[in-house]
Amino acid sequence: MARINLQKFIAEHYKGGVTARDVIREGVTNSIHAGAKTISIDLSFARQASLFGDDERNVLDKITISDDGEGFTQENIDYFDEICTAHKDDIGGKGVGRLAFLKYADHVEIRSQMASDLVEFRYTPDFTLDDVRKTAATGRLETTVTLSALKDKINTQVTKLVNSVCDDFRLLLFLKKQAGQIISIQFTHNSKQPFDEEFTFSGDSVLAEKTRTFEFLGETFDCYLFRDEAPRKGIVAMLCADELCVEEFQISKRFDICRYFISITSTYLNRCSNIERQKLEIPKTEAEADMASPISRETLMPRVREECLAMIDEAAEGDIDAYKRANIEKLKKYYPFIDTKSLGGEAVMLDADEIVKAYRAQQARREDLVIEGLEDGCKVAFDDISHLASDDLARFIVHRALVIDSLANMPPESAEDVLHNTILRKQSDGADIRENNVWLVDDKFLSYSNIYSDATLARIVREVGAETETKQRRKPDVAAFFSKDNDGRPNKLVIIEFKKPGADIFENNKSLVQCRLYASELVDRIETVREVFAFAIVEIDDEFYKDMKRTGFKDVFSLSERVVYDDFVIGASSDIPLHLYVMPVTSLITDAKARNRVFEEVLRFNTDRDVTPEEADRRNRGEHV
């Protein structure tokens, strides 16, 4: 017999690696093939020091799989020394699955107690039949595979692993039950994770809500619909080979009425499964299909989705419609500018986030077509450019509304901190420059830039901040922005100072003086600045309000609480106007919401307009006039 380099064979056939799920699936499959009725899986965890040795973590240390099947008979032992055996061809065996054990663990121990013999051996890449120890012994029928010295020490999530293994064997256990054989898989673990330490998945409790068969390009596909109640959610199709799950096809991640799980089998899928049964080698596109693999993913997956949704609709009338309505309401609230009709008739069957993803891809295609048309000198309709611009503006307005709503729902005691970080990250050193939200203060500052986006200005702000802290014995809690003149020089500043709630009238008045002094220091160092807008975000009680009115502050119209302002001149020559506004957080948020509401009403009017079928079709294809 020709010899085989097992180490190289394993490396070539398990390039994608092997997981705990893979080895458990292989062990349980072997148990079922051996006629087992009860299968036990024990997940043993141990404490391990972290990489830097300053902490410990609980990692999966050992996996033990036991069953009451026929065990290691002499015939099974003889075949164990052969790769790609054929004795399990009729039940889907490939003859290589046990090699996954060697890829996953350094120590693989086999112990099989049969009626009158005990078989024990360690399985290694150099295994021969001479390694098998066989002694006369009687006892309870049990075969155990123990994997230890695992090559990857990870903090395995028990809930996810157990649920995945149950999904892998759901169909097989159901079919065995149909044939009169009840199989139970029992899980135990010591991980201390929030999952039952003992859990049993029995074929007796597996029920198919519905079955369905469909023909596609000469191949027959059988579908089995299973249902898990909430809080589990989603719709997933399991593409199976030899009744075992090989590949998951997510139809919906967000479907939250329950979880629908559809197992799909076919002789075509059996043929497409690779030898390790880890993936389906199906051509991606029609162009890649051939006589050996005539069906591509490009054509099969839409049909799979269609059949799965039809099954759900028949088995539980109303579930899909309810989810569809919830999706539409979500889109209306967060993405009212998306016309789902332009994305295809089945758009509402997808998750809302999938619809958004499809919309963004569609917008990118349209923009590419417009740019390509302009670069090629083609005539591009102004309407096409206008649509792109209006869609961008619509997204901006809706996202502004979400920011405002989030701020409005903040507890009063944390609103100041949250608002500061929303406008500009607190105590920023300029290392993380982000898009600012200074529009919350006033829309006329939309074009203003974060002060840290300019190296020179950032240096000046840091210097003034340090000097202010030294002189006033406090670190200024401010956000600063600027605009430029036609020559690219800073000409206007916006300074926003945040005052912690709960200060008395003396502290509040002091903060106004400090704000003016801080602004004056800045304009003395940035000589091109000709105007400054300052906003003091502070609580205004009756006493503070009366005092400001007595010193010349004037009322500003506000939809909620009091807002006052006064004009000053600052700078070395006292010739730079400073417009100082004083307002509480709640007023700023309320006024921002009112300003944005105007845009939202215009947006709602535009999105409610009827679009002609011809226009929708043309926009969907991204065509020019």
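Starting from 1, each residue takes its place in the sequence as its number. These figures come from a predicted structure and were not determined experimentally.
- Considering only residues two or more places apart in sequence or on other chains, Ala480 meets the side chain to side chain contact (heavy atoms under 4.5 Å, CB included) condition with Ile451.
- Residue Leu457 holds its CG atom at 5.0 Å from CZ of Phe482, rounded to the nearest 0.5 Å.
- With sequence neighbours excluded, the residues that form a salt bridge (Lys or Arg N to Asp or Glu O under 4.0 Å) with Arg303 are Glu307.
- Atoms CZ and CD1, from Phe249 and Ile251 in turn, are 5.5 Å apart once rounded to the nearest 0.5 Å.
- Two residues are said to be in side-chain contact when any heavy atoms from C-beta on lie closer than 4.5 Å; Val438 and Ile496 meet this criterion.
- Here the closest non-hydrogen pair linking Leu60 and Lys153 is O-CD, 4.1 Å.
- A donor-acceptor pair is defined here as one N or O able to donate and one able to accept, closer than 3.5 Å; no such pair exists between the side chain of Glu521 and the backbone of Val464.
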(request) Check step by step if side chain to side chain contact (heavy atoms under 4.5 Å, CB included) holds for Leu419 and Ile423. (result) CA-CA 6 Å; Leu419 178 62; Ile423 293 176; 3.9 Å; yes
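- Side chain of Thr299 to backbone of Ser296: a donor-acceptor contact under 3.5 angstrom is found.
- The shortest non-hydrogen separation linking Pro584 to Ile537 is C-CG2, 4.4 Å.
- Using a 4.5 Å heavy-atom threshold, the side chains of Asp167 and Arg259 count as touching.
- None of Asn508, Val582, Asp555, Ile505 except one satisfies the side-chain contact (heavy atoms from CB on, under 4.5 Å) rule with Met548; the exception is Val582.
- When all heavy atoms of Arg254 and Lys233 are compared, the closest pair comes out as O-CD, 4.4 Å.
- Judged by distance alone, with hydrogens and angles left aside, the side-chain atoms of Asn58 form no donor-acceptor pair with the main-chain N or O of Phe45 at under 3.5 Å.
- A 6.0 Å sphere centred on CD of Gln250 holds more than 12 heavy atoms belonging to other residues, nucleotides or ligands.
- In this structure, the side chains of Phe396 and Leu446 come closer than 4.5 Å at one or more pairs of heavy atoms.
- Around CG of Asp152, the count of heavy atoms belonging to other residues, nucleotides or ligands within 6.0 Å does not exceed 12.
- In this structure, the side chains of Leu580 and Asp566 stay at 4.5 Å or more apart for every pair of heavy atoms.
- Atoms CD1 and CD1, from Ile404 and Ile589 in turn, are 9.0 Å apart once rounded to the nearest 0.5 Å.
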(request) Please step through side chain to side chain contact (heavy atoms under 4.5 Å, CB included) for the pair Ile576 and Arg530, ending with a clear verdict. (result) CA-CA 6 Å; Ile576 307 298; Arg530 308 316 307 156; 3.5 Å; yes
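- Minimum heavy-atom separation, Asn596 to Ala401: ND2-N, 3.5 Å.
- Taking 4.5 Å as the limit, some side-chain heavy atom of Val494 sits within range of a side-chain heavy atom of Phe535.
- Ring pair Tyr565/Tyr581 is parallel by interplanar angle, where below 30° counts as parallel and above 60° as perpendicular.
- Sorted by first then second residue, the salt bridge (Lys or Arg N to Asp or Glu O under 4.0 Å) pairs that include residues 482-493, not counting sequence neighbours, are Asp485-Arg489, Asp487-Arg489, Lys492-Glu531.
- Judged purely by atom type and a 3.5 angstrom limit, Asp524 uses its side chain to pair as donor or acceptor with the backbone of Ala572.
- Distance check: Leu239 CG to Met301 CE gives 4.5 Å after rounding to the nearest 0.5 Å.
- Thr285 and Glu298 share no donor-acceptor pair across their side chains, judged by distance under 3.5 Å alone.
- Within the model, atoms CD1 of Ile154 and CD of Gln48 stand 11.0 Å from one another, a figure rounded to the nearest 0.5 Å.
- A distance-only check finds no donor-acceptor pair linking the side chain of Glu543 to the backbone of Asp504 [under 3.5 Å].
- In this structure, Pro194 has no side chain to side chain contact (heavy atoms under 4.5 Å, CB included) partners at least two apart in sequence or on a different chain.
- When side chains are defined from C-beta on, Leu407 counts as touching Leu440, because their heavy atoms get closer than 4.5 Å.
- Listed here is the closest heavy atom pair of Arg297 and Pro302: O-CD, 3.8 Å.
- Side-chain contact check for Val563 versus Phe553: every heavy-atom pair is 4.5 Å or farther apart.
- Applying the salt bridge (Lys or Arg N to Asp or Glu O under 4.0 Å) criterion to Arg400, with sequence neighbours excluded, gives Asp443.
- When all heavy atoms of Val441 and Arg595 are compared, the pair lying nearest together is O-NH2, 3.4 Å.
- The number of heavy-atom neighbours closer than 6.0 Å to NZ of Lys444, taken from other residues, nucleotides and ligands shown, is above 12.
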(message) Go through it in stages, so that I can follow the logic: the residues are Lys593 and Asp405, the test is salt bridge (Lys or Arg N to Asp or Glu O under 4.0 Å), and I'd like the CA-CA distance, side-chain angles, deciding distance and then a yes or no.
(response) CA-CA 8 Å; Lys593 188 169 187 175; Asp405 286 345; 3.6 Å; yes
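- Residues Val569 and Asp575 fail the side-chain proximity criterion, which asks for heavy atoms closer than 4.5 Å.
- Remark: Tyr545 pairs with no residue by the ring pair (Phe, Tyr, Trp, His ring centres under 6.0 Å) rule, at least two apart or across chains.
- For Ser520 (side chain) and Gly571 (main-chain N/O), a donor-acceptor pair under 3.5 Å exists by modelled atom type.
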(request) Using the side chain to side chain contact (heavy atoms under 4.5 Å, CB included) rule, take Lys499 and Glu507 through it: C-alpha gap first, then chi angles, then the decisive distance, then the call. (result) CA-CA 9 Å; Lys499 190 69 178 177; Glu507 283 295 318; 3.6 Å; yes
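- More than 12 heavy atoms of other residues, nucleotides or ligands shown are found within 6.0 angstrom of NZ on Lys549.
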(request) Dump the intermediate steps for side chain to side chain contact (heavy atoms under 4.5 Å, CB included) on Asn491 and Thr528, then the final yes or no. (result) CA-CA 5 Å; Asn491 66 337; Thr528 56; 5.8 Å; no
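- Distance alone, capped at 3.5 Å, places no donor-acceptor pair between the Ser252 side chain and the Ile235 backbone.
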(request) Step by step, work out the salt bridge (Lys or Arg N to Asp or Glu O under 4.0 Å) result for Asp542 and Arg562. (result) CA-CA 10 Å; Asp542 290 341; Arg562 300 158 178 157; 2.8 Å; yes
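- For the atom pair Leu493 CG and Leu522 CG, the distance stands at 6.5 Å (nearest 0.5 Å).
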